[in-house]
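Chain A is the first sequence line, chain B the second, and so forth, proteins listed ahead of strands; every chain is numbered from 1.
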There are 2 protein chains.
Amino acid sequence: MRRLMKHSTDPRIAMIEAAIRNAGGRVTASRVRLLDLLQSAREPLCQTDIENLIESEPLPAMDRVTIYRVLDWLTEAGLAHKAADGRGVFRFTAAKPEGQHEQHAHLRCTGCGGTFCLDMAPPPRPVLPRGFRFGGMALDIRGECPRCVGAHA
Amino acid sequence: MRRLMKHSTDPRIAMIEAAIRNAGGRVTASRVRLLDLLQSAREPLCQTDIENLIESEPLPAMDRVTIYRVLDWLTEAGLAHKAADGRGVFRFTAAKPEGQHEQHAHLRCTGCGGTFCLDMAPPPRPVLPRGFRFGGMALDIRGECPRCVGAHA
DNA sequence: TTGCTTATGCAATATGGTTGCATTAAGCGA
DNA sequence: TCGCTTAATGCAACCATATTGCATAAGCAA
Ligand SMILES: [Mn+2]
Ligand SMILES: [Mn+2]
Ligand SMILES: [Zn+2]
Ligand SMILES: [Zn+2]
């Protein structure tokens, strides 16, 4: 005779639950957990990052496929963004509350593979040839992080 | 008793051979053929594009792995550029003769998956946080091409 | 022309991502 | 609160893209 918790008492989680419900989906443990994870991440995460984080948590495991499906659902629902990184791997970030048009730039270190968020003004929206429709953009910067620059000094 | 042709009579090919030799590599049929192919392509090509093009040519086939290896060698040698597209697949372009810093933008159609080169001024080189080293960048624009915009009118 | 070394072919493997289908559980109406 | 319906999950199989190991072939310098 388990009581199911319909709304979390933690306001962060309550917000997440509301966002999911608002997007027209069922509020499941997996969705809440992954969106929470993305929101507290300091950099875009890929499937394996997430799998590892999930495994390290003292909570029930999640199937690999479920992670993919939840991430894709969050993306479809507009709660997350999905973009291929320089290595051709998809990375996910939590969508910002609307406003920051998710156009902020990332630097990908060619040494260690790390991704770093850059606080730079997004480039202006490009003028496309006639007939094209704009759908968003991402500035992908390659380079080396301080640690890797130092490594081969 | 076959005589090997050391230098092509075709000036385009001769240039390619010179570039390869100049990069410190052996001039092989595969390298010449693929660099030629990239140089005459109008858009970034991925492995499968290239495989198909190669197959359609009335020349000896090339192994899939060799294509990968040649493409990577060309990239290392600075004769080609390699970048993941929006779908997480690597696409290759011939390097420009030096000068155009290969920062020109691409639009990737979310409808048909096509890639379109845009003739727009590249965004200014970003100012990175202290310690980082700049290594190049690519502006990746998502949207829809005229045909796909029309398709769901 | 020979010999050393690099490039290639082929088979096996790795990685990242998807699909089909049976089972579970969220949410809703009774 | 209970059961029903439908969406979400787990599991196994699969697929696409890319890489590795090793034996063989070919470039090219001497
Ligand atoms: Mn970021
Ligand atoms: Mn892949
Ligand atoms: Zn680094
Ligand atoms: Zn299109």
- request: Round to a whole Å and report the spacing from CZ of B:Arg91 to C1' of D:dA18.
  value: 15 Å
field: B:Arg31 side chain near D:dG27 phosphate (N/O to OP1/OP2, under 4.0 Å)
entry: no
- prompt: Has the side chain of B:Thr75 got a donor or acceptor atom that lies under 3.5 Å from a matching backbone atom of B:Leu71?
  reply: yes
query: So do A:Val149 and B:Phe132 actually touch side chain to side chain, heavy atoms under 4.5 Å?
result: no
message: Between A:Arg91 and A:Pro44 (side chain of the first, backbone of the second, donor and acceptor by atom type, cut-off under 3.5 Å), is there such a pair?
response: yes
field: Expected output: side-chain B:Asp49 to main-chain B:Cys46 donor-acceptor under 3.5 Å
entry: yes
message: Output the rounded distance in Å from CZ (A:Phe90) to C1' (D:dA16).
response: 12 Å
- prompt: Quick one: on DNA chain D, does A:Ser30 or B:Gln47 contact a more 5' nucleotide (nearest heavy atom)?
  reply: A:Ser30
task: Taking only the side-chain heavy atoms of B:Val27 (C-beta and beyond), determine which of D:dC28, D:dA8, D:dT19 contains the nearest atom.
output: D:dC28
task: Report yes or no: is the cationic atom of A:Lys82 (NZ for Lys, CZ for Arg) closer than 6.0 Å to the six-membered ring centre of A:Phe90, at no more than 45° off its axis?
output: yes
field: Flag if over 12 foreign heavy atoms under 6.0 Å of CD, B:Glu76
entry: no
query: Should B:Arg26 be listed as having a side-chain N or O under 4.0 Å from OP1 or OP2 of D:dA29?
result: no
message: Looking at D:dT9, I'd like to know if its phosphate oxygens (OP1 or OP2) sit under 4.0 Å from a side-chain N or O belonging to A:Thr28.
response: yes
Could you list the donor-acceptor pairs under 3.5 angstrom formed between side-chain atoms of residues 53-61 of chain A and any protein atom two or more places apart in sequence or on another chain?
unit_1	atom_1	unit_2	atom_2	d
A:Ser56	OG	A:Leu53	O	2.8
A:Glu57	OE1	A:Arg33	NE	3.0
A:Glu57	OE1	A:Arg33	NH2	3.1

- prompt: Is there a donor-acceptor pair closer than 3.5 Å between any side-chain N or O of B:Arg31 and the backbone N or O of B:Arg26?
  reply: yes
message: Nearest whole Å is fine: how far is D:dA8 C1' from A:Arg33 CZ?
response: 16 Å
- prompt: In whole angstrom, what separates A:Asp49's CG from C:dT15's P?
  reply: 15 Å
- prompt: B:Arg21 CZ to C:dT6 P: how many Å, rounded?
  reply: 17 Å
message: Please report the end-to-end axis angle for the helix from C:dT1-D:dA30 to C:dA30-D:dT1, five pairs per end, rounded to 10 degrees.
response: 30°
Separation of C:dT15 P from A:Asp85 CG (nearest whole Å): 16 Å
Short side-chain to backbone donor-acceptor contact, A:Thr66 and A:Met62, under 3.5 Å: no
query: Counting only non-hydrogen atoms, which of residues 58-74 of chain A are less than 4.0 Å from DNA chain C?
result: A:Arg64, A:Val65, A:Tyr68, A:Arg69, A:Asp72
- request: Take atom CD of B:Glu17 and atom C1' of D:dG27, then tell me their distance rounded to the nearest Å.
  value: 13 Å
task: For B:Ala29 and for B:Cys46, locate the closest nucleotide of DNA chain D by heavy-atom distance; then report the residue assigned to the nucleotide nearer the 5' terminus.
output: B:Cys46
